[in-house]
Participant: 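Below is one structure. I have some questions about it.
A note on names: the letters A, B, ... follow the listed sequences, proteins ahead of strands, and every chain is numbered from 1. Treat the numbers as computed from the prediction; the structure is a model and nothing was measured.
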Amino acid sequence: MSIAELSEQELIRRNSMQKLVDMGIDPYPAAEFPVNTKAIEIQEQFEPEKNNFQDVVMAGRIMGRRIMGKASFAELQDESGRVQLYINRDEICPGEDKTLYNEVFKKLLDIGDIVGVKGYAFTTQMGEKSIHVRELTILSKSLRPLPVVKEKDGQVYDAFSDPEQRYRQRYVDLIVNPQVKDTFLKRTKIINTMRQFFNEQGYLEVETPILQSIPGGAAARPFITHHNALNIPLYLRIANELYLKRLIVGGFEGVYEFAKDFRNEGMDRTHNPEFTVMEIYVAYKDYKWMMNFTEEMIERVALALHGTTEVQLGDKIINYKRPFRRVTMYDAIKEHTGYDIAGKSEEELRDICDKLGIETDPSMGKGKLIDEIFGEKCEHHYIQPTFIIDYPVEMSPLTKKHRSVPGLTERFELMVNGKELANAYSELNDPIDQRERFEEQLRLSEKGDDEAMFIDQDFLRALEYGMPPTSGMGIGIDRLTMFMTNNLSIQDVLFFPQMKPEKKADVVDGDEKFMELGMSAEWVEVVKKMGFKKVKDLKEVKPAKLFNDLCGFNKKNKLGLNNPTAEEVNSWLA
RNA sequence: GACUCAGUAGCUCAGCAGGUAGAGCACAUCCCUUUUAAGGAUGGGGUCCUGGGUUCGAAUCCCAGCUGAGUCACCA
């Protein structure tokens, strides 16, 4: 990287690093630095009268400094939080040589540097628990200035808040915004709580293929890739449902997977092209059992995270205390539109849609029409956790037909805050019925429904061997995390949300290419700083304009260079 | 994909009846007490997102593009 591209502060930090090296201090030492205390332990457990923490070794990042003559304070931040350091010149430099304090600490260290300290805990006159530092070790020099976020009385100043930068440079976001770190700690706790719940029941955590030759188990546009050795197309999975069911056929009675799925569709605050779903399948159960299981799981997650079932979400409080309300889809539609759609034909449904002001198109079948009515008129009303049950068969090609109501299936979706959180069925295990449903999907596809499912012949073969009655459930982990951590955007619960790639800097011609034109090195730097990255770009400018701009730049930036003559500039561009 | 808003110093943001680019923090030099959004003094730092246009003159007005956010469309 050429000097011209670095900011003043970056140059200063690089110089500081070089000075450290010149003093014989390695800015990136290799040796282990064994730590015995975390910041949070000092904050929570240090008591002066107990005289504990008198021999601590800590490491972390310097997040703030207050330098006063021969004593200073600094904020050390480790994974657990922050603790104040007290550094006294004559203690870290007992002899005549005060270099470590005056030079190394005061001048060469910066906010963002990673250091190790040895010392003892004490309380300052202001009453803050702190570490009295006896020994200071540089563990890693930081070459880029970190945003400095300050806070007083809960008020945050100069927050690092630009969403683009926060998502692109999540590492910076995590360093300076503690609530961000907290969200991700909670995300892991959600997953751990669920995993523990499943393992207690003896269910088996499994892994199934991400690269699939038939993208099945859901209706969505897949990402496509190509396998060279086999010379076949492969798809990134849109769901893992069909593989988990194959394992139930194989004799496992409870399997689950935390799975990344991929869908090549639009992105917004609730959709990312790759996202995490947990799917679980349990043999000899039905969707009623699964409802109880699901609400127990979710209540448990809420309690593990918050110690209560009541969780803030935006301006609402969601109460995850079970049992959740259960409403059939028909009742939901009756409740919010006044129409009883039981037994209605496709034509009648289309008519109802017209009356409700819902747009339809001819490719929509009965199921799709009902789905539209529910989505437009009902879904957003279900703020508190509610199971919507018994979906029309047309919308549920993998679901067993309802045991008593014709035209419906044994399916539920869990709605929270007006959004789908989980989806579950009594799984269709009748291979003849399943084949017919797939063929119906094929007809929909030919009719123009581009999200209809493919037929997976091997899956049908598996069902023909016999799958026990099974209930399965899938739950969006990203969405669950959003609900449980009060984040309204999926980007805030993914470490690295998908972004358009940053424009990579244009390729820059080497200095020597410019110098071949007859330019001196100092002017090459000026020309590059003015934005000419290639010799070619330079040649496109009129010599007179370049001459003017060069002299102007020299003057404006007080470079103090001797201006070239117009003839010289002419000769460069010749 | 459509519309709306935004892009100015390392960070947060002012400046927009067009007339020499500003503040706070951060940074540098100096003073300093166990200080805490530390304080005081001085100073350096900018392709005002990019490219066109209007104009004697554009950060500011107009057009196009890039990136992001929001709304909608699409989408379990």
Participant: As a test of the definition: with a 90° window around 0 for syn, would you call B:A17 syn or anti?
Facilitator: syn
Participant: Please name the nucleotide paired to B:U29 by Watson-Crick or G-U wobble geometry with both distances under 3.5 Å, or report none.
Facilitator: B:A41
Participant: Taking only nitrogen or oxygen atoms into account, show me every contact under 3.5 Å that the protein makes with nucleotides 31-35 of chain B, one pair per line with its distance.
Facilitator:
from	atom 1	to	atom 2	distance (Å)
B:U34	O2'	A:Gln125	OE1	2.4
B:U34	O2'	A:Gln125	NE2	3.2
B:U34	O2	A:Gln125	N	3.3
B:U35	O2	A:Arg66	NE	2.7
B:U35	N3	A:Gln84	OE1	2.9
B:U35	N3	A:Gln84	NE2	3.1
B:U35	O4	A:Gln84	NE2	2.4
B:U35	O4	A:Thr124	OG1	2.9

Participant: CD of A:Glu274 versus P of B:C75: gap in Å, rounded?
Facilitator: 22 Å
Participant: Without swapping roles, check the side chain of A:Glu279 against the backbone of A:Phe258 for a donor-acceptor pair under 3.5 Å.
Facilitator: no
Participant: Strictly under 6.0 Å, is that where the ring centroids of A:Phe122 and A:Tyr86 end up?
Facilitator: yes
Participant: Say you pick atom C1' in B:U4 and the same atom in B:G46; how far apart are they, in whole Å?
Facilitator: 29 Å
Participant: Grab the OH-P distance between A:Tyr157 and B:A38 for me, whole Å please.
Facilitator: 11 Å
Participant: Should B:A6 form a Watson-Crick or G-U wobble pair with both distances under 3.5 Å, which nucleotide is its partner?
Facilitator: B:U67
Participant: If the P atom of B:A59 is compared with that of B:G19, how far apart are they to the nearest Å?
Facilitator: 10 Å
Participant: Mind listing the N/O atom pairs, protein and nucleotides 5-12 of chain B, below 3.5 Å?
Facilitator:
from	atom 1	to	atom 2	distance (Å)
B:G10	N7	A:Gln9	NE2	3.3
B:C11	OP1	A:Gln165	OE1	3.4
B:C11	OP1	A:Gln165	NE2	3.3
B:U12	OP1	A:Asp162	N	3.4

Participant: Determine the Euclidean distance between corresponding C1' atoms of B:G39 and B:U34; express it in Å to zero decimal places.
Facilitator: 15 Å
Participant: Does a donor on one side chain sit under 3.5 Å from an acceptor on the other, for A:Asp162 and A:Tyr167?
Facilitator: no
Participant: Find the distance A:Asp371:CG to B:C75:P and express it as a whole number of Å.
Facilitator: 10 Å
Participant: Please determine if a side-chain N or O atom of A:Lys107 lies less than 4.0 Å away from the OP1 or OP2 oxygen of B:C30.
Facilitator: yes
Participant: Could you tell me which nucleotide pairs with B:A59 by Watson-Crick or G-U wobble geometry, both distances under 3.5 Å, or answer none if nothing does?
Facilitator: none
Participant: Can you tell me if A:Arg65 touches the phosphate of B:A26, counting only side-chain N or O atoms and a distance under 4.0 Å to OP1 or OP2?
Facilitator: no
Participant: When the nearest nucleotide of RNA chain B is assigned to A:Glu164 and to A:Ser396 on a heavy-atom basis, which residue is associated with the more 5' position?
Facilitator: A:Glu164
Participant: Using Watson-Crick or G-U wobble geometry with both distances under 3.5 Å, which nucleotide pairs with B:A23?
Facilitator: B:U12
Participant: So what does A:Arg269 hit on the nucleic acid, given a heavy-atom distance under 4.0 Å: a base, only sugar-phosphate, or nothing?
Facilitator: sugar-phosphate
Participant: How far does the P atom of B:C16 sit from the matching atom of B:C61, given to the nearest Å?
Facilitator: 10 Å
Participant: What is the distance, to the nearest angstrom, from the NE2 atom on A:His271 to the C1' atom on B:C74?
Facilitator: 10 Å
Participant: Got more than 12 heavy atoms from elsewhere within 6.0 Å of NZ, A:Lys98?
Facilitator: yes
Participant: Under 4.0 Å between any heavy atoms, over every strand shown, what does A:Glu359 touch: base, sugar-phosphate, or nothing? Just pick one.
Facilitator: nothing
Participant: With no hydrogens and no angle check, just 3.5 Å: does a side-chain donor-acceptor pair link A:Arg13 and A:Ser142?
Facilitator: yes
Participant: Just name whichever nucleotide pairs with B:A17, Watson-Crick or G-U, keeping both distances under 3.5 Å, else none.
Facilitator: none
Participant: Expressed as a whole number of Å, how far does the C1' atom of B:C75 sit from that of B:G7?
Facilitator: 30 Å
Participant: For residues A:Arg65 and A:Lys106, report the shortest heavy-atom separation together with the two atoms involved.
Facilitator: NH1-O, 3.5 Å
Participant: For A:Thr183 and A:Asn487, test the side chains for any donor-to-acceptor distance below 3.5 angstrom and give the result as yes or no.
Facilitator: yes
Participant: Could you pick out which residue, A:Gln491 or A:Gly266, lies toward the 5' side of RNA chain B when each is mapped onto its nearest nucleotide?
Facilitator: A:Gln491
Participant: Can you check the distance between B:G51 and B:A9, where both ends of the measurement are the C1' atom (answer in whole Å)?
Facilitator: 23 Å
Participant: Crowded around A:Lys181 NZ? As in, over 12 foreign heavy atoms under 6.0 Å?
Facilitator: yes
Participant: Which pairs count as side chain to side chain donor-acceptor pair (under 3.5 Å) when at least one residue sits in residues 413-422 of chain A, sequence neighbours excluded?
Facilitator: A:Lys316-A:Asn417, A:Tyr391-A:Glu413, A:Arg411-A:Glu413
Participant: Can a side chain N or O of A:Arg168 be found less than 4.0 Å away from OP1 or OP2 on B:G68?
Facilitator: yes
Participant: Taking B:U8 as the reference, what is the distance to B:G15 when you measure between their C1' atoms (whole Å, please)?
Facilitator: 9 Å
Participant: Measure from CG on A:Asp492 to P on B:A69 and round the result to the nearest Å.
Facilitator: 10 Å
Participant: If you measure from the P atom in B:G40 to the same atom in B:C25, how many Å do you get, rounded?
Facilitator: 8 Å
Participant: Under 4.0 Å from OP1 or OP2 of B:U36: is there any side-chain N or O of A:Lys150 that close?
Facilitator: no
Participant: Report the C-alpha distance between A:Tyr382 and A:His336 in whole Å, list the side-chain angles of each, state the deciding distance to 0.1 Å, and finish with yes or no for ring pair (Phe, Tyr, Trp, His ring centres under 6.0 Å).
Facilitator: CA-CA 11 Å; A:Tyr382 297 101; A:His336 291 106; 5.4 Å; yes
Participant: Could you check how far CD of A:Gln43 sits from P of B:U36, rounded to whole Å?
Facilitator: 17 Å
Participant: NA contact type, A:Arg166, heavy-atom cut-off 4.0 Å: base, sugar-phosphate, or nothing?
Facilitator: nothing
Participant: For A:Gly69 and A:Tyr101, which heavy atoms make the closest approach, and how far apart are they?
Facilitator: O-OH, 3.0 Å
Participant: If you round to the nearest 0.5 Å, how far is NZ of A:Lys245 from CG of A:Leu428?
Facilitator: 6.5 Å
Participant: Could you tell me the separation between the CD1 atom of A:Ile62 and the P atom of B:C27, rounded to a whole number of Å?
Facilitator: 11 Å
Participant: A:Asp268 CG to B:A73 P: how many Å, rounded?
Facilitator: 11 Å
